[in-house]
Amino acid sequence: MEQSFYDQVFELVRLIPKGRVSSYGAIARSLGAGGSARMVGYAMSNAGLAHPKVPAHRVVNSSGLLTGRFHFSDPNDMERLLAEEGVRVKNDKVVDFKKLMWDPLQEL
DNA sequence: GGATTGACGTGTC
DNA sequence: AGACACGCCAATC
């Protein structure tokens with residue numbers, strides 16, 4: 001079975017190290033999707049239904065804003081999980097996002 | 001199979 | 001600096 005774009009996104013998101021965050025666009029580019037950043041977020045909708053839990057809370061938009069927190073079981077979970085991993089969230093934004101930005105193309 | 005959608009990104013006003 | 005608009009691209013209806 002050919003894995004859909006979603007599956008590729010799931011795997012890549014799962015590779016995000018703890019205490020680190022990534023952006024939809026970066027993930028999309030890592031998959032060679034380029035401008036399909038929206039698909040990444042779209043895939044995340046299934047992330048909650050994915051078998052192994054996908055750390056979707058580590059994925060934010062290019063601004064480091066927790067855009068998808070409302071899609072979680074509980075919106076507070078997202079920033080809470082991030083805080084647990086050492087990621088400071090201020091006003092729904094990841095602090096020092098640029099420093100915590102984990103780009104597979106760069107890190108790998 | 002065309003139309004709609006969507007957890008984005010970048011540019012412009 | 002904040003708000004608005006358009007573009008991308010794949011999955012779903």
Side-chain angles (χ1 to χ4, degrees):
Chain A
M1 251 189 352
E2 295 161 32
Q3 298 176 337
S4 309
F5 219 80
Y6 291 23
D7 297 298
Q8 297 181 57
V9 172
F10 293 146
E11 291 190 60
L12 193 53
V13 172
R14 278 187 236 158
L15 294 177
I16 300 177
K18 177 180 157 218
R20 277 296 196 52
V21 291
S22 188
S23 69
Y24 303 98
I27 294 168
R29 282 195 258 187
S30 304
L31 297 174
S36 52
R38 320 177 72 166
M39 317 293 59
V40 178
Y42 202 48
M44 298 272 95
S45 296
N46 289 317
L49 308 175
H51 169 224
K53 194 189 166 194
V54 178
H57 59 271
R58 294 183 190 153
V59 186
V60 295
N61 71 357
S62 60
S63 302
L65 189 70
L66 310 183
T67 48
R69 66 179 181 165
F70 285 103
H71 288 253
F72 282 78
S73 312
D74 288 311
N76 277 343
D77 266 10
M78 187 166 188
E79 55 183 278
R80 187 170 76 186
L81 288 167
L82 287 172
E84 290 287 306
E85 299 186 352
V87 179
R88 291 177 296 175
V89 177
K90 182 80 171 185
N91 212 5
D92 295 339
K93 306 168 293 220
V94 176
V95 180
D96 294 328
F97 167 66
K98 288 159 65 172
K99 296 181 185 175
L100 298 173
M101 174 44 164
W102 183 80
D103 189 338
L105 293 178
Q106 289 185 42
E107 304 298 322
L108 300 182

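A, B, ... follow the sequence lines: proteins, then strands. Residue 1 opens every chain.
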What nucleotide among dC9(C), dA7(B), dA11(C) has an atom nearest to a side-chain atom of S36(A)? dC9(C)
Sidechain-backbone polar pair: N91(A) side chain, K93(A) backbone, donor-acceptor under 3.5 Å: no
Report, as yes or no, whether the 6.0 Å neighbourhood of atom CZ on R14(A) holds more than 12 heavy atoms from other residues, nucleotides or ligands. yes
To the nearest Å, how far apart are M101(A) CE and dC8(B) P? 14 Å
Per atom distances to the Y6(A) side chain, the nearest of dA7(B), dA11(C), dG9(B) is dA11(C)
Rounded off to whole Å, could you give me the CG-to-C1' distance for the D92(A) and dC8(B) pair? 17 Å
Upstream residue (5' side of DNA chain B) when S45(A) and R29(A) are each assigned their closest nucleotide: S45(A)
Any donor-acceptor pair, under 3.5 Å, between the side chain of Y42(A) and the base of dA7(B), if you only look at N and O atoms? no
Base, sugar-phosphate, or nothing for A43(A), non-hydrogen atoms under 4.0 angstrom? nothing
Got P52(A) and F10(A) here, is their nearest side-chain heavy-atom distance under 4.5 Å? no
Interatomic distance, N61(A) CG vs dG9(B) C1' [rounded to whole Å]: 9 Å
Out of dG9(B), dA11(C), dG7(C), whichever nucleotide has its closest atom nearest the side chain of R38(A): dG7(C)
Let me know the distance between CG of N91(A) and P of dG2(C), rounded to the nearest Å. 11 Å
So, with a heavy-atom separation below 4.0 Å from DNA chain B, the residues of residues 64-71 of chain A are T67(A), G68(A), H71(A)
Among dA7(B), dT10(B), dC9(C), find the nucleotide with the atom closest to the side chain of S62(A). dT10(B)
Could you tell me how far apart F10(A) (CZ) and dA7(B) (C1') are, to the nearest whole angstrom? 12 Å
Applying side-chain contact (heavy atoms from CB on, under 4.5 Å), run through V89(A) and M78(A) and close with a yes or a no. CA-CA 10 Å; V89(A) 177; M78(A) 187 166 188; over 6 Å; no
At under 4.0 Å between heavy atoms, what does F5(A) touch on the DNA or RNA strands: base, sugar-phosphate, or nothing? sugar-phosphate
Could you state the CG-C1' distance from L31(A) to dC9(C), rounded to the nearest angstrom? 13 Å
Taking the side chain from D74(A) and the backbone from N76(A), do they hold a donor-acceptor pair closer than 3.5 Å? no
Is there side-chain contact between V9(A) and L12(A), with at least one heavy-atom pair below 4.5 Å? no
Atom pair distance, as rounded to whole Å: NE2 in H57(A) and C1' in dA7(B): 14 Å
Give the intermediate values and the outcome of side-chain contact (heavy atoms from CB on, under 4.5 Å) for residues R58(A) and W102(A). CA-CA 10 Å; R58(A) 294 183 190 153; W102(A) 183 80; over 6 Å; no
